[in-house]
Structure formats: C-alpha cells, structure tokens
Amino acid sequence: MGNPIAVSKDLSQTAYDHLWMHFTRMSSYENAPVPTIVRGEGTYIYDDKGKKYLDGLSGLFVVNAGHGRHELAETAYKQAQELAFFPVWSYAHPKAVELAERLADYAPGDLNKVFFTTGGGEAVETAWKLAKQYHKLTGNHTKYKVISRAVAYHGTPQGALSITGLPALKAPFEPLVPGAHKVPNTNIYRASIHADDPVAFGRWAADQIEQEILFEGPETVAAVFLEPVQNAGGCFPPPPGYFQRVREICDKYDVLLVSDEVICAFGRLGTMFACDKFGYVPDMITCAKGMTSGYSPIGACIISDKIAEPFYKGDNTFLHGYTFGGHPVSAAVGIANLDLFEKEGLNQHVLDNEDAFHQTLSKLLDLPIVGDVRGNGFFYGIELVKDKATKETFNDEETERVLYGFLSKALYDNGLYCRADDRGDPVVQLAPPLISTQETFDEIEGILRQVLTEAWTKL
C-alpha cells in the first residue's frame, strides 16, 4: 500500500487506482485522465489544470445558490465548533428543529412533519416505508404497492430503485423489492395519443394511474410517486391539469401522493416546492440536493399531519432512521442557504428569467440534430434526433459513438459541464445555478451550437 502519509501528486492516476466513481464505466479511465475539479466560483468550476468550465448542471442539480458562497462555509465551520454531531434518535438539537420548522412553513397544506435523511434516495425509501406502515396502522393491511412512471429515476436504495422506471439500472440488482408498478410518463413529444392536445394528453396520462390502481386492486396500492418535472428521459413537464387529476384519483382510492422533489424543490422551478408551481398538495414531499446548495449533505421527507397522526398515538413507532439524518452542520447550512434564497430573491429570479432561458435554448431548434427543447424553470432537456420530421432516434451504435464517444467529452472540452444522457432517448440536460443570467444562457447556447453542429456530421 506504500507510505500512508505520502500525498499523491498525480490525482488522476490515484483517482483511477482508489476512487470508485459513481455511475462510471471505470475502464474509460484506464488510459485516460480522470477529470478533476478543484474549485468553484459563481456559475463556474475549475479543474486541476486551471481550466474554467460553466457549470451547466449545478454539480448534479445541487449547487442552486452557486459556488464559492463563503457565508455557507462559515456557517458550517461555526456549527461544527459548537455541536458537530448529535443524532435525532429520540433527541433534538436546535438546528434540526429550526430547519424542520422552516421547511414545514414553506410546504403547502398540512405538510408539517419533517423526517430528515442524508440524501434523496433515502427520502424516497423513507416515504415508501412510511406509506406502508401508515396503511397498516389505519387498518389497510394489504396496501403496499407503489405506482411510478416509466423512465423515472427515484434513487439507488433497494426500495427507491424498485420505484425507478429504468430497467437497465435495475437489472444487475434484481430481484428488488416487490410491488412497484409503472405507468406512462408525460413525454408528449413521443406521445402515441393526443400528441397535439396537451390537456387531453394530461388527462390520458393521469388516467393511466387510475387504470393501474384498478388493475392491481385499490386495496393493494399504497402510494403514487411522481416528480413534478420528470428528470430521466430529459425533463418531462406535466401537461395542464395532470396533477389535479392525479390528486383526484389518489383521493378516490385512498392512495398517498408523493411528490418526489429531490431535483425540483428549492428554486429549480422558481418556487420553494415545485408542487406549488403546478397547483397540487401531495401527502408527502421528498427533497434533498438544493436544500443546502450542496454545501453539506441532507435530505428530507415532509409529511402531512394526516399521515403522521397515527404515529403520534400510543406505542406506534416508525422504526426507521439514519445516523446522519438532520446532521447539525447540514441543518445549519440548510438554514443559511434558505436565508440566502430569501435575501437575494433567487426563486423570483428564476421566475423572471425562465422564459429567457427557454427562448435562448430554443434557438437550437434550427439545428437538424435538435428535436425537442422542454422543461421548466432552470431545468431543461434537449432531445437529439436523426430525423426531425419522423423523430427517429439514435440506434445503440450511434448512441455509443456519438453521445458517449463524442458529445460528452466535446461539451466538456469546450467549457460546458452538463449531462449527455440516453436514459430513454438521447438528451442533453441543463440545470445551471439559480444565479444564472442571460450571459450564462448565451454561453450555454453558443457551446451547444458548436458541439451539436459537429455531432451531426458524425451520425
């Protein structure tokens, strides 16, 4: 193993030797340097060679307030000196209490109870377990199944992965948790029915949830998990009336509605919680990422009083928890981050600029490779096609050669960090920090135009 005190000067080689990177084809770096980011400032990040990149994905839909926020770092430092750690297992500490109150205040309806986790996947896991036990405590012992959407990503824990609608991500780990069922998503660009009528399409898509509940048996279905804007597949916004119809269906069959806002909460769409933007009140909200703008890890499941009520009686206990859930440092940073949102009006900034972001990205529709530009707020996907008229997508060989072999690296080499992804059809995903301006949008569009123009020649 060598001298444990020695500090490696070749970070790239050491990364390949010791750092098992997440969702990464490790063989890609056997003879190629591992990109190593060492610093961030505002909307930019810098690598170990000093090269500057626009952070077009906010890290991973996380750094909503932007990089280099010294006040958040100082908050973490101060809290670690005062109380670095204490669990919320039968105890409280001030920052967890204060952040829970803050989140309950922002959340709609009667969502007043906050169960802290350390990330989004854990929040989803929490929500499914809570839904199952809630139904048992209220006499519905056979309600355990969940319904989610095709191509949707909900996390990597065994339960959250079962809820995920991406077969390729699940196959290596099967068998998973039973009872997870899928319905069509809201990708109107690929709709086989009502493609020219968003209202009718939204009604149809929502009604597929009712059909699945009836097929499985309402007495067996515990919850429906939906993202306000679905991430995987490339930013599918909800059609008009979709969530209102889903809420009706869930109420009709005593099924809980979970709004998975791990990406969409905390300003990504211009509201603190995305369900507010689309006018529905869920039974639970799962959230993480932007709560601290990534300056310290945290997640949460926010629960309605109705769902919490039986757990607050007698000896009923939710036997579930995480060592680092509600961590004092993370909670303190979360509070300071939300203070920044308020002080700088970041949500309103997104609302004021979302149309400009959309219009700037929509300029790319003049390229033959760009089929669709869709999303909401500061959260957009650009779907790539071989033929705009027929919407023909890439085959497997073209995806491997163009998307992975060229596009991802070319965007990065040209100074744009974002995601080129084929979970569903080939898309480029963009979610810049909430502090972004027209200058940011123009820079993103310029780099994309150059790289996508070249990508077309490689098909």
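These numbers come from the heavy atoms of this one structure, side chains and all, not from hydrogens, waters or symmetry mates.
Other residues, nucleotides and ligands contribute over 12 non-hydrogen atoms within 6.0 Å of the CG atom of Asn395. Around NZ of Lys409, the count of heavy atoms belonging to other residues, nucleotides or ligands within 6.0 Å does not exceed 12. For Glu174, the CD atom is densely surrounded, since the number of other residues' heavy atoms within 6.0 Å is greater than 12. More than 12 heavy-atom neighbours from other residues, nucleotides or ligands sit within 6.0 angstrom of CZ on Phe406.
For Tyr53 and Tyr44, the ring centers are positioned 6.0 Å apart or more. Aromatic pair His181/Phe215: centroids not less than 6.0 angstrom apart.
With 3.5 Å as the limit, one finds a donor-acceptor pair spanning the side chains of Thr118 and Glu122. In the model, Gln13 has a side-chain atom that pairs as donor or acceptor with a side-chain atom of Asp17 under 3.5 Å. Side-chain polar atoms of Thr286 and Asp260 form a donor-acceptor pair below 3.5 angstrom. Counted by atom type alone, Asp47 and Thr36 present zero donor-acceptor pairs between their side chains at under 3.5 Å. Using modelled atom types and a 3.5 Å distance limit, the side chains of Arg419 and Ser408 yield no donor-acceptor pair. Using a 3.5 Å distance cut-off with no hydrogens or angles, the side chains of Tyr280 and Ser259 do pair a donor with an acceptor.
In this structure, the separation between CG on Leu169 and CG on Leu161 is 7.0 Å, given to the nearest 0.5 Å.
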Derivation and outcome, salt bridge (Lys or Arg N to Asp or Glu O under 4.0 Å), residues Arg247 and Asp283: CA-CA 10 Å; Arg247 181 71 268 181; Asp283 297 293; 3.0 Å; yes

Candidate pair Thr43 and Asp55, rule side-chain hydrogen bond (donor to acceptor under 3.5 Å, both in side chains), full reasoning: CA-CA 6 Å; Thr43 58; Asp55 184 356; over 6 Å; no

side-chain contact (heavy atoms from CB on, under 4.5 Å) between Arg374 and Val427, intermediate numbers included: CA-CA 10 Å; Arg374 56 181 178 253; Val427 293; 3.8 Å; yes

Working for ring pair (Phe, Tyr, Trp, His ring centres under 6.0 Å), residues Phe266 and Phe273: CA-CA 6 Å; Phe266 307 113; Phe273 290 110; 5.5 Å; yes

Intermediate values then yes/no, side-chain contact (heavy atoms from CB on, under 4.5 Å), Val246 and Leu226: CA-CA 10 Å; Val246 172; Leu226 303 172; 3.8 Å; yes

Stepwise side-chain contact (heavy atoms from CB on, under 4.5 Å) check, Cys418 with Val428: CA-CA 7 Å; Cys418 62; Val428 176; 3.8 Å; yes

Cys287 and Ile302: CA distance, side-chain angles, deciding distance, side-chain contact (heavy atoms from CB on, under 4.5 Å) verdict: CA-CA 8 Å; Cys287 56; Ile302 308 174; 4.0 Å; yes

His320 vs Tyr322, ring pair (Phe, Tyr, Trp, His ring centres under 6.0 Å): CA-CA, chis, key distance, verdict: CA-CA 7 Å; His320 176 68; Tyr322 300 101; 5.0 Å; yes

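In terms of heavy atoms, Pro238 sits closest to Pro228 at CD-O, 3.1 Å. Listed here is the closest heavy atom pair of Ala300 and Met291: CB-CE, 3.9 Å. Nearest heavy atoms, Arg149 versus Lys182: O-CD, 4.1 Å. The minimum heavy-atom distance between Leu57 and Gln429, with the atom names listed, is CD1-O, 3.6 Å. Residues Ala206 and Ile249 come closest through the heavy atom pair O-CD1, 3.3 Å. Of all heavy-atom pairs between Thr186 and Pro237, the closest is OG1-O, 3.1 Å.
Gln450 is not listed as a side-chain neighbour of Leu411, based on a closest heavy-atom distance of 4.5 Å or more.
Below 30°, between 30° and 60°, or above 60°: for Tyr153 and Phe23 the angle between ring planes is above 60°, a perpendicular geometry.
Annotation: ring pair (Phe, Tyr, Trp, His ring centres under 6.0 Å) contacts of Phe378 (sequence neighbours excluded): Phe357, Phe441. Every residue was checked against the side-chain hydrogen bond (donor to acceptor under 3.5 Å, both in side chains) condition with Asp276, not counting sequence neighbours, and none meets it.
For the pair Lys391 and Tyr189, the cation sits on the ring face: its NZ or CZ lies under 6.0 Å from the ring centre, inside 45° of the axis. In this structure, Lys289 fails the cation-pi test against Phe61, since its NZ or CZ atom is not both closer than 6.0 Å to the six-membered ring centre and inside 45 degrees of the ring normal. Geometrically, Lys458 does not engage Trp456 in a cation-pi contact, judged by NZ or CZ lying under 6.0 Å from the ring centre and within 45° of the ring axis. The cationic group of Arg39 lies under 6.0 Å from the six-membered ring centre of Tyr46 and within 45° of the ring axis, placing it in a cation-pi geometry.
Note on residues 197-212: pairs passing side-chain hydrogen bond (donor to acceptor under 3.5 Å, both in side chains), not counting sequence neighbours, are Arg203-Asp207, Asp207-Arg245, Glu210-Arg245, Glu210-Lys252, Glu210-Tyr253.
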